[in-house]
2 protein chains.
Amino acid sequence: MTLADVALRAGVSRSTASFVMTGRAADMRISEAAQRKVLEAAADLGYRPNLTARSLRTNKTHTIGLISDTIATTPFAGEVIHGALDAALAHGHLLFVAETAGNEAVEADLISEMLDRQVDGIIYATMFTRYQKAPAVLSKVQSVLINCLDPTSSSPRIVPDEYQGGRTAARALTNAGHLHGIYVIGGRHDIPKTPGGLYAGVNRMRGVEDELRTYGTEVALSYECEYEPAFGYQATIELLSDGHRPRALLCLNDRLAFGAYQALGERGMRVPDDVSVVSFDASDLASWLRPSLTSVALPHYELGRIAVTTLLDAPAGKGGESNDVLVPMPLHEGDSIATVTSAGQIQE
Amino acid sequence: MTLADVALRAGVSRSTASFVMTGRAADMRISEAAQRKVLEAAADLGYRPNLTARSLRTNKTHTIGLISDTIATTPFAGEVIHGALDAALAHGHLLFVAETAGNEAVEADLISEMLDRQVDGIIYATMFTRYQKAPAVLSKVQSVLINCLDPTSSSPRIVPDEYQGGRTAARALTNAGHLHGIYVIGGRHDIPKTPGGLYAGVNRMRGVEDELRTYGTEVALSYECEYEPAFGYQATIELLSDGHRPRALLCLNDRLAFGAYQALGERGMRVPDDVSVVSFDASDLASWLRPSLTSVALPHYELGRIAVTTLLDAPAGKGGESNDVLVPMPLHEGDSIATVTSAGQIQE
DNA sequence: TTGAAAGCGCTAACAG
DNA sequence: CTGTTAGCGCTTTCAA
C-alpha cells in the first residue's frame, strides 16, 4: 500500500494525495472533491504512510533516543522512561531506549546507532544526580541531560531540586512540632567511596540545615553512611546504644528508613509514638512499611517528561541562555510523623 | 557525509563504495586497492551510513518494538527491557519501548506507530502471566508474546515456568527437613477480584503440592489473599491468633513475605529459628529483609532476552510448530530457612 | 573488477 | 487547483 496506490484509486496525482494526507490540503487549495476522494481511497486501502520513506525527505524521524546508565537496577528508571514516553507520544514521537551499564564504549556505540537511525534528539540520563561529563558528541546534536551535571555541556540539564527537597523534609518535622532530638541518618553520603558526599546528600542537607535554622534549631547529630538498609539498621542501633534518644529520624532515603524501622522494631520503639521518621524517595517501600513512611519524592516521571518537552520545544536556533530546570520534589505523606504539642507531649 | 562523498574521495563509483562498506567486497571481487581507498576515505570523512535511507531499500530497519501494559509500576518491567535490549544490541538492533497502561486504543495506536516506522518485529508483554487476547494485528507481523497466553495467537509465547517454580520453592523447604507445619500465604490468589486464582498462583500451588506429595506430606493450610504486604501481615496475624503454630511459611511473593515478617516481628517470633520463610520474586526487598529472604526468582531478564532472540532467529518461513518457551525460575538463597534435623530439632 | 542507472516511498518545487 | 519532475541516501541489477 503506497501513496501511489491511493492516488491511482482516487484518480489524482501523487502530490495531491500527499498534500491531502499530510493535512496541507487547505494550504494548497485542493478541491473538496479531490480531498474526499483521496481520503476515501486511503481508508478503503487501509493506507498508512511509510514513515521511513518520509523521513528520508523531511529529515525528521519523529523518534527520540533515551540513553541511561541503568534502567533495570532501579524502579526509578522506569518512571523516567514513563514520563519521557508520555511526552514523546503526545508529540507524535517514539522512544528508543538503551542502557550503557556505565560502559563508555557501549555508550558511544549506542549513541552512534541512534544517530545512524536519524533520531531527532537524544536524552542522556544518569541514575542519580552527579557531576559527570556527558559524551562530547551530544553537544553536536539536539540533546537534553537528566541528572547529569556536566558544567561544560551546552545541553539543558534537568535535575531534581534537592535543596528544596531537604527543606521540605525538615519542614514536615517542624510543622509537626519537632524542633529537638532530630537525628540524620545517611547525611551527605560522605564516606571513603564518595568523599565530600553525593550531590543529593549535600544539597538535601543544606536544605535541612537552612530550614531548621529558620526555626532557630539544628540537627542533633548526623550519621554519614551509605544509603542502604543495612547501614540504616546499624546507624540506628549504634545511636541507641550510645545513649541517644532521638525524637525524630531524618533518613536520606527509604532504604535507610527501612533499616531504621528494623532496628527500632528490635529495640521495642514504636514509630511514630516514640520516634518520628521522614525520608526521601517515596518508593513503594515507603507505602509498604508499617506505619507508612512520610517521604519526599524524587520526581522521576517529571524528569523524563520535562526532558522530552524541553528537547522537542527547543527553538531551532540553539538559543544562548541556559535551559536548566530544577524539578520540585513533592512530599508524600505517610503516618510516620507524630505531632508534638507545645507542652512537649506527643499526639498522634 | 554521504556514500557519494566517500566514493568521490576514494575515486570509485558509489556502488563500489557500497559494496565495500557493507562488507561484500569479497563477493564482488573488489580490488584490494579500491577497498583500501574506500575504507580510508570513509574514515577520513567520518562517514556513517544513513540507516533510514538503507532501510528504504532493504526493508529492514534493524529496529524492534517492545510494547507492554506497564513499565513504570514494577521494577520487573525494567528487567524485561534490559534483557530485550542486550539481545537486540547483540543482533545490531535498537529497541522502541512503549507502554499501553492497559488502554486498548493506546495499544492499537502504539502498534501502528511502530509499524509505520517499519519495525522488524514487535514484542508484546503483559506485566504478569495471564490468559489474554493479544492485539489481532500482531499475527500479521513478526511478533513474540511475553507473559501473554493468547490461545488463538500463532506468535511464540514466552512465560515463566511457574509450576517448576512451585516445586523449587517447596523443595527448598523439604531439603531443609521441613515436612510439617508448612503454611501457604497468598495461595492461588483466589479472591473475588480474580475468581479461580491467577495463572502464577495456580501453577505455583500445583508445583508445591506435587512436590510435597513426593515426600508424602502436604500443606497444613493455605490462605488465599491478594499478594500485597498488608495481606501478608494480616494473614500471619490471623494464623497465629487462631492458634496455628507454623514451622514454615511459603509466601506467594516477597511483598507477602514482607508483611509476614512484620507480623512475626510483632509477635516476637524469629525467622528462621521459630519459623522458616520461602517466597517468590527474589526482588530487592528479599535481600533487604533481615534475615534475607530465600526466594524463587521470576526470570524477567531472560523473558526479555529470549523474546528478542526468538523474534530475530525466527525462520523466514513462519514455521508451523509452536515456539512456546517455558523459562525456568531459579532459587535465590537467603537466610530465612532453618535446617530441621531428623530429631525434629532446628539447626541453623 | 567496476560503473551506470533504476528505484525503495515519499515530499516539494515548479509549471501549467 | 493539479500534475510533472526531481531528488532524499542507499542498494543492486545489469552491462561494460
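A, B, ... follow the sequence lines: proteins, then strands. Residue 1 opens every chain. Scope of the values below: all heavy atoms of this structure, side chains included, with no hydrogens, waters or symmetry mates.
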Can you list, pair by pair, the side-chain donor-acceptor contacts under 3.5 Å of residues 300-308 of chain A, counting residues two or more places apart and other chains?
from	atom 1	to	atom 2	distance (Å)
Y301(A)	OH	D86(A)	OD2	2.5
E302(A)	OE1	R305(A)	NH2	3.0
E302(A)	OE2	R305(A)	NE	3.1

Heavy atoms within less than 4.0 Å of DNA chain C: which residues of residues 23-31 of chain B have one? Give them sorted by number. M28(B), R29(B), I30(B), S31(B)
Let me see the working for N50(A) and T2(A) under side-chain contact (heavy atoms from CB on, under 4.5 Å), right down to the final yes or no. CA-CA 8 Å; N50(A) 179 327; T2(A) 75; over 6 Å; no
Taking 5' to 3' order, which nucleotide of DNA chain D is first and which is last to have an atom within less than 4.0 Å of a heavy atom in chain B? dG9(D) to dT13(D)
Side-chain donor-acceptor contacts of residues 13-31 of chain B below 3.5 Å, not counting sequence neighbours, with atom names and distances?
from	atom 1	to	atom 2	distance (Å)
S13(B)	OG	S15(B)	N	3.4
S13(B)	OG	S15(B)	OG	3.2
S13(B)	OG	T16(B)	N	3.2
S13(B)	OG	T16(B)	OG1	3.1
T22(B)	OG1	S18(B)	O	2.7
T22(B)	OG1	F19(B)	O	3.4
S31(B)	OG	A34(B)	N	3.1

Just jot down the side-chain hydrogen bond (donor to acceptor under 3.5 Å, both in side chains) partners of T52(B), sequence neighbours excluded, or say none. none
With sequence neighbours left out, the residues meeting salt bridge (charged side-chain N to carboxylate O under 4.0 Å, His left out) with R54(A) are none
For R36(A), give me all partners under side-chain hydrogen bond (donor to acceptor under 3.5 Å, both in side chains), at least two apart in sequence or on another chain. none
So that I can tick it off, tell me whether D150(A) and R157(A) are bridged by a salt bridge, with the cut-off set at under 4.0 angstrom between side-chain N and carboxylate O. no
List the atom pairs, with distances to 0.1 Å, where a side-chain N or O of residues 100-107 of chain A and a protein N or O form a donor-acceptor pair under 3.5 Å, not counting sequence neighbours.
from	atom 1	to	atom 2	distance (Å)
T100(A)	OG1	G102(A)	N	3.0
N103(A)	OD1	A105(A)	N	2.8
N103(A)	OD1	V106(A)	N	3.1
E107(A)	OE1	Y124(A)	OH	2.7

Tabulate atom names and distances for all N/O pairs under 3.5 angstrom spanning the protein and nucleotides 3-5 of chain C.
from	atom 1	to	atom 2	distance (Å)
dG3(C)	OP2	S13(B)	N	2.7
dG3(C)	OP2	S13(B)	OG	3.4
dG3(C)	OP2	T16(B)	OG1	3.3
dA4(C)	N6	S15(B)	OG	2.9

Applying salt bridge (charged side-chain N to carboxylate O under 4.0 Å, His left out), name anything that partners R130(A), two or more places apart in sequence or on another chain. D69(A)
Which angle, to the nearest 10 degrees, lies between the helix axes at the two ends of the helix from dT1(C)-dA16(D) to dG16(C)-dC1(D), each defined by five pairs? 50°
Taking atom types as modelled, find out whether T152(A) and K133(A) have a side-chain donor-acceptor pair closer than 3.5 angstrom. yes
Is there a donor-acceptor contact under 3.5 Å from the side chain of N147(B) to the main chain of T126(B)? yes
Which residues within residues 32-63 of chain A lie with some heavy atom under 4.0 Å of an atom in DNA chain D? A34(A), L56(A), R57(A)
